[in-house]
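Notes for the one structure printed next.
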Amino acid sequence: MAASRTFAGLLAATAVGVYLLVIAGATAAITDAVATCTTWPLCRGPVSLSEPELLIARGHRLTAAIVGVLALVTVGLGLRTDASRRVKATLVAGLALYPLQIALGAFVATSGAAGQLPGAHLAVGMAIFGAFVLALAWHLEAETGGDEEEPVTDLSPAPMPEENDERPVSAASLSARERVVATVSAYFRLMKPRLMWLLCLVAAAGMALATGATGTDLTVRTVLLTLGGGVLSIGASGTFNHVLERDIDKRMDRTSDRPIATHQIPVRNAMAFGLVLSATSLWLFWQVNLLAAALGLAAILFYSVIYTLVLKPNTVQNTVIGGAAGALPALIGWVAVAGTVGLPGIVLATVIFLWTPAHFYNLALAYKDDYEQGGFPMMPVVRGETTTRKHIVYYLGATLVASGVLAALTSLGWLYALTSVAFGAVFLWTVVRLHREQTEAAAFRAFHASNTYLGLLLVAIVVDALAI
């Protein structure tokens with residue numbers, strides 16, 4: 001067991017090391033660094049702070065050597081453990097690609113080759129990273145699977161609790177001011193405000209990327225209209241979700257105190273509120289451009305109808321497919337500035353789409369029993385907790401790969417690169433701990449780490465993109 005844990009730790013460290021090389025090579029800064037060092041394996045000339053590009057090139061090659069040794073040690077240990085055949089085969093495949101990666105890097109550096117070779121160098125690096133992530137996911141699954149509960153096959157929702165038409169606090173006992181505050185607070189809760197800050201940050205990152213890529217001026221008017229429309233569209237989607245799930249909310253502990261479930265707000269009033277938010281949101285987006293308004297409408301309809309009514313109650317892939325709702329603000333932000341959909345905006349949306357399962361599956365683990373009560377086919381309920389934890393590693397790895405692609409397609413700098421590596425490593429560490437501890441606290445830790453990772457990554461995108 002000790003050897004297996006040591007191996008898992010080395011495997012995670014190796015994956016992070018390879019990702020560091022990938023994201024560093026993908027940033028614009030490394031391109032200039034390659035031009036300053038055209039010899040291999042060492043760079044000629046003294047190390048000096050007056051030539052930071054040369055220092056970066058030396059550091060990149062030194063890191064590659066260290067990670068190569070770490071990979072060799074990890075694979076050697078893995079072959080000596082009782083790891084499964086597929087884990088060992090994947091490790092050997094990843095290690096076998098490492099000399100090819102080095103050869104491509106050496107050729108690019110010494111020949112000054114452009115064209116497809118730098119892209120091939122990056123692609124091989126991502127393949128190596130993917131191999132180590134797959135091996136880690138499979139090893140953790142085997143190591144920590146244990147004797148978990150059998151997946152649930154009967155998803156009949158729990159019986160409806162007895163109706164209680166009284167408000168949580170009797171309205172008669174409140175003063176006029178307190179009644180107003182309570183009502184405003186209830187309507188505010190309908191809008192799911194905890195989702196707003198992150199999704200608005202996604203839209204802001206989309207706007208910043210488009211500004212840096214197209215050279216278009218980012219005006220205060222565009223920012224206010226786009227973020228204002230985003231806040232209201234999120235509020236409308238949340239309100240419709242509350243209305244449509246009001247009966248299920250009563251069955252679940254974490255949602256039983258929602259305003260409609262507790263009759264603080266009548267269904268008719270909530271629907272009217274949601275329609276007003278939707279109309280105002282679309283009007284604000286319309287002031288930006290027609291495509292932004294169309295995407296805003298798509299986001300509201302997708303979350304309120306497709307996700308809430310179709311996906312969430314009927315398929316175990318609800319979280320995966322539903323990630324499109326959270327990805328649309330990235331496209332809205334890009335379109336608000338550029339006027340058309342662009343590849344960097346699509347890749348940013350892909351990062352959000354892939355991040356969503358890695359993020360939300362942690363919450364699904366923490367609230368597994370509650371989702372079972374509601375009759376929702378969430379991954380931990382239908383496929384089991386071990387499979388869910390494995391899929392978190394899958395989607396985390398895919399998120400990091402997509403983040404590397406974004407770095408390669410744009411001129412984002414070292415703040416973005418370091419943020420992705422550092423907080424991606426923290427996220428991965430919490431996920432490894434989740435496999436080991438298998439507790440609600442560990443699931444919440446990984447959930448909060450995922451929020452921190454994406455939030456800081458988006459801030460780094462805004463800062464780097466606007467600094468170009």
Side-chain angles (χ1 to χ4, degrees), residues 151-158 160 190-192 194-196 198-199 202 230 232-252 254-256 258 260-261 267-268 270-275 277-279 281-282 293-332 346 349-350 352-365 367-368 370-384 387-388 391-392 394-395 398:
V152 175
T153 54
D154 180 10
L155 282 173
S156 301
M160 183 71 70
L190 282 183
M191 299 171 67
K192 295 194 173 182
R194 285 183 293 182
L195 296 177
M196 288 179 179
L198 191 59
L199 291 177
V202 171
L232 296 180
S233 66
I234 295 164
S237 301
T239 299
F240 293 139
N241 177 264
H242 277 243
V243 170
L244 295 171
E245 291 188 347
R246 61 188 183 277
D247 291 334
I248 296 174
D249 285 343
K250 297 173 184 178
R251 298 186 176 101
M252 299 173 62
R254 79 182 189 92
T255 59
S256 60
R258 285 179 170 176
I260 299 179
V267 173
R268 182 178 59 184
M271 279 297 297
F273 182 61
L275 290 172
L277 291 177
S278 299
S281 165
L282 296 179
L295 290 171
L297 177 61
I300 294 172
L301 291 176
F302 189 90
Y303 186 82
S304 304
V305 179
I306 303 300
Y307 174 69
T308 301
L309 291 181
V310 179
L311 298 174
K312 192 174 179 181
N314 294 306
T315 173
V316 71
Q317 297 300 326
N318 50 25
T319 299
V320 176
I321 305 171
L328 280 171
L331 294 180
I332 293 172
I346 294 174
T350 302
I352 308 303
F353 178 80
L354 294 170
W355 167 86
T356 301
H359 161 75
F360 189 78
Y361 280 160
N362 296 290
L363 199 63
L365 284 168
Y367 290 118
K368 175 187 172 184
D370 223 13
Y371 282 117
E372 185 179 342
Q373 283 278 104
F376 288 120
M378 308 307 285
M379 178 72 76
V381 177
V382 176
R383 300 281 178 81
T387 298
T388 304
H391 278 253
I392 292 173
Y394 286 163
Y395 282 104

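Sequential numbering from 1 along the given sequence is applied to the chain's residues. On a predicted model such as this, the values are computed, not experimentally measured, just so you know.
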4.5 Å side-chain heavy-atom contact, [X] and [Y]:
X	Y	value
Arg258	Asn241	yes
Leu331	Ile346	yes
Lys368	Val381	yes
Met379	Thr319	no
Ser237	Tyr307	no
Phe273	His242	no
Thr255	Glu245	no

Full working for side-chain contact (heavy atoms from CB on, under 4.5 Å) between Met252 and Phe376: CA-CA 11 Å; Met252 299 173 62; Phe376 288 120; 3.7 Å; yes
Distance-minimising heavy-atom pair for [X] and [Y]:
X	Y	value
Leu295	Ile332	CB-CG1, 3.6 Å
Ala349	Ala327	O-CB, 3.2 Å
Ser256	Ala261	O-CB, 4.0 Å
Ile300	Ala236	CD1-CB, 4.4 Å

Using atom types as modelled, flag every donor-acceptor pair under 3.5 Å from a side chain in residues 352-364 to any protein atom, sequence neighbours excluded.
from	atom 1	to	atom 2	distance (Å)
Trp355	NE1	Ser450	O	3.1
Thr356	OG1	Ile352	O	2.8
His359	ND1	Ser450	OG	2.7
Asn362	ND2	Ala358	O	2.6
Asn362	ND2	His359	O	3.3

Separation of [Y] [atom2] from [X] [atom1] (nearest 0.5 Å):
X	Y	atom1	atom2	result
Thr315	Met378	OG1	CE	10.5 Å
Lys192	Thr239	NZ	OG1	9.5 Å
Lys250	Gln373	NZ	CD	15.5 Å
Met191	Ile234	CE	CD1	8.5 Å
Tyr371	Arg254	OH	CZ	3.5 Å
Phe302	Thr308	CZ	OG1	10.0 Å

ring-ring contact (aromatic ring centres under 6.0 Å, His included) against Tyr395, all qualifying residues, sequence neighbours excluded: none
From Leu244, Val243, Asp247, Asp249, residue fulfilling side chain to side chain contact (heavy atoms under 4.5 Å, CB included) relative to Ile260: Val243
